[in-house]
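Below you'll find the structure, written out as structure tokens, and then a few comments.
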Amino acid sequence: MPSFQISRTIVIHFLLLAAIVSAMVLGNWSGNVSAADRPNVILLMGDDHGWDETGYNGHPHLQTPILDQMAATGLRLDRFYAAHPTCSPTRGSVITGRHPNRYGTFTPNYSIRPKEIGVASLLKQASYHTAHFGKWHLGPVKASSPTNPGTFGFDEWLSHDNFFELNPWLSHNGGAPQQFQGESSELLVDRAIEYVQTVPSDEPFFLVIWYGSPHEPYSGLPKDLALYDELPSQYSDQTTRLTSNKTGLPVRRPLGDVLRERYAEITAMDRSIGTLRQWLAANQLRDNTLLWYCGDNGTSGDGIVTSPLRGQKSDLYDGGIRVPGLIEWPAKIRQPTTSQVPSVTTDILPTLCELAGVAVPQRPLDGMSLVPLLDGKMKQRNQPICFWNFDHRRESQLDPFLPEEAQRGTTPLVKLMRGNATRNFVNFHHPKIEPQDFGGNRVILDDRFKLVVSADGSKQLFEMRTDPNETENVLADQPEIARNLTDQLQTWQQSVLGSLTGQDY
């Protein structure tokens, strides 16, 4: 039998065994987790907030005292990844526990599919009260949308189709957009706190707070801008391209001015997390609340001037997919811990399901439960993480998954797209698998090695423990490892494409 077939068979058997064991574990939890043992859960996500843009990761300019405190007292995930190097796909991975290519969310402004099963819907089975605040970007948030937060299990939502700045326009439970006055990160946290006050004290809550910061175009409060007044002179000889807050169109501006505004947004977001933590503590909720912060992809090109990592947003090198990852849960995580175990946004759903005692959906997942990591028992990852920039150029020739009206957004934003100040969405039926579907840039990452396969088929292999900046291609020195990872990656792609054709539904 050819080596590829042997490897493929081993991988399939391994995945089946892992699924069986996972189901057994989750079944045991489902019977034994009492309401008192279930933590409250708050998921926080920055928009375009890359790995290096925190004080605790050594950024030379940024002031992020709250994230630094979380890193010093909780679980610091130093190798945490977004499932995709852009925003909508990563957000879909959080909601579903599945790689976004399985349901056609290939890139920003591709919607999720209504038949996907969301983490909020699952936690409602365990009596969680659920709410979403901020950026959604998985479809329109209007009430008539089949992909709004409510259709994915959120009881309450104050949300935007895409991103937002100061004084944002948001839709409450799918209603007509309203403009809210204030710094957007602080505004979201204030509304989240108001929601928690409506939840009975003996019942758990699940909040998703997805910030619009620090996505460009940038704007900040005077007190936050003042922290970075020295930057313009340091970067006076450089310019960068971004959106104009005045026209909504691309413009070039001095890099120092842009960074000053970007960093002000990150500091305001950081402060809002501090407000949330303080309120939880003052109301005796912090101990049994799991607070999980991450970014949705690496830093964008207008901001990535200090990162040691290779690549940026949209790349599959670590600069595009490695993001801050922090978990606080004082009742469980009693000692500060730093983990080098690779983890990813698709791990969030199976982790929360296990903690809540709810079985995961009976369809292929791409994440794994990190409960053993929270327990201090997980020293390595027993399944690889795969990434894939799908070549979606042919998709527009296929039949739309949803009617055009269902995909039309309502909430305005500064950045224009084809002259439009809102965002509309697309998703397409993919009836059969074609050989060219396996193309596009893709990656498979295990505890030690990362294989990067380019769209043209060329490969690079990096030893991530000793070369985290991906500077030396060791492919020629490790042919067997590269061959094994290639086989696993192709087997995974076959599974993803099966999901894309709709076989999971």
Side-chain angles (χ1 to χ4, degrees), residues 46-65 67-68 82 84-87 107-108 162-166 183-185 211-271 295-324 389 413-417 441 467-471:
D47 194 3
D48 286 6
H49 189 203
W51 174 85
D52 79 306
E53 290 187 305
T54 61
Y56 74 84
N57 277 331
H59 197 280
H61 306 304
L62 266 162
Q63 298 184 36
T64 56
L67 292 177
D68 297 351
H84 195 271
T86 62
C87 53
T107 194
N162 198 342
F163 57 85
F164 42 88
E165 317 303 325
L166 293 173
E183 204 288 322
S184 65
S185 295
Y211 295 106
S213 293
H215 195 293
E216 66 90 29
Y218 307 117
S219 55
L221 299 178
K223 64 180 179 181
D224 297 320
L225 292 167
L227 297 173
Y228 304 104
D229 280 345
E230 80 286 353
L231 283 175
S233 62
Q234 294 186 42
Y235 296 94
S236 60
D237 59 340
Q238 301 177 56
T239 63
T240 190
R241 184 176 183 270
L242 76 165
T243 302
S244 167
N245 268 310
K246 295 180 180 179
T247 67
L249 299 174
V251 66
R252 292 202 71 86
R253 294 182 56 211
L255 178 61
D257 292 342
V258 170
L259 293 178
R260 177 173 175 261
E261 294 166 2
R262 177 180 177 86
Y263 296 163
E265 286 201 18
I266 293 174
T267 292
M269 180 176 66
D270 182 87
R271 183 173 60 250
D296 66 347
N297 49 247
T299 302
S300 52
D302 52 66
I304 194 156
V305 295
T306 62
S307 176
L309 301 180
R310 182 174 181 175
Q312 60 186 42
K313 177 182 177 179
S314 299
D315 294 336
L316 290 179
Y317 296 111
D318 267 28
I321 52 178
R322 191 168 160 193
V323 294
N389 274 342
L413 69 163
V414 171
K415 187 174 184 177
L416 300 179
M417 179 174 285
N441 299 325
D467 182 25
N469 299 338
E470 300 168 280
T471 60

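All values below come from the heavy atoms of this structure, side chains included, with hydrogens, waters and symmetry mates left out. None of these values were measured; they are calculated from a predicted model.
Using a distance-only test at 3.5 Å, with no hydrogens or angles considered, no donor-acceptor pair links the side chain of Q238 to the main chain of G256. Using a distance-only test at 3.5 Å, with no hydrogens or angles considered, no donor-acceptor pair links the side chain of D47 to the main chain of S213. At distances below 3.5 Å, at least one donor-acceptor pair connects side-chain atoms of T64 with backbone N or O atoms of G55. Between the side chain of T299 and the main chain of I304, no donor-acceptor pair closer than 3.5 Å is present. Side chain of E470 to backbone of D318: a donor-acceptor contact under 3.5 angstrom is found.
For H49, the ring-ring contact (aromatic ring centres under 6.0 Å, His included) criterion is met by Y293, not counting sequence neighbours. Checked against ring-ring contact (aromatic ring centres under 6.0 Å, His included), Y235 has the following partners two or more places apart in sequence or in another chain: H61. Listed by chain and residue number, nothing satisfies the ring-ring contact (aromatic ring centres under 6.0 Å, His included) test with Y218 (two or more places apart in sequence, or in another chain). Scanning for ring-ring contact (aromatic ring centres under 6.0 Å, His included) contacts around Y317 gives an empty result, with sequence neighbours left out. For E216, the salt bridge (Lys or Arg N to Asp or Glu O under 4.0 Å) criterion is met by K415, not counting sequence neighbours. By the side chain to side chain donor-acceptor pair (under 3.5 Å) test, Q312 is found to be paired with no residue, residues two or more places apart in sequence or in another chain being considered.
Applying the 6.0 Å contact sphere to CZ of R252 captures more than 12 heavy atoms from other residues, nucleotides or ligands.
Salt bridge status for R262 with E53: present, with a side-chain N to carboxylate O gap under 4.0 Å.
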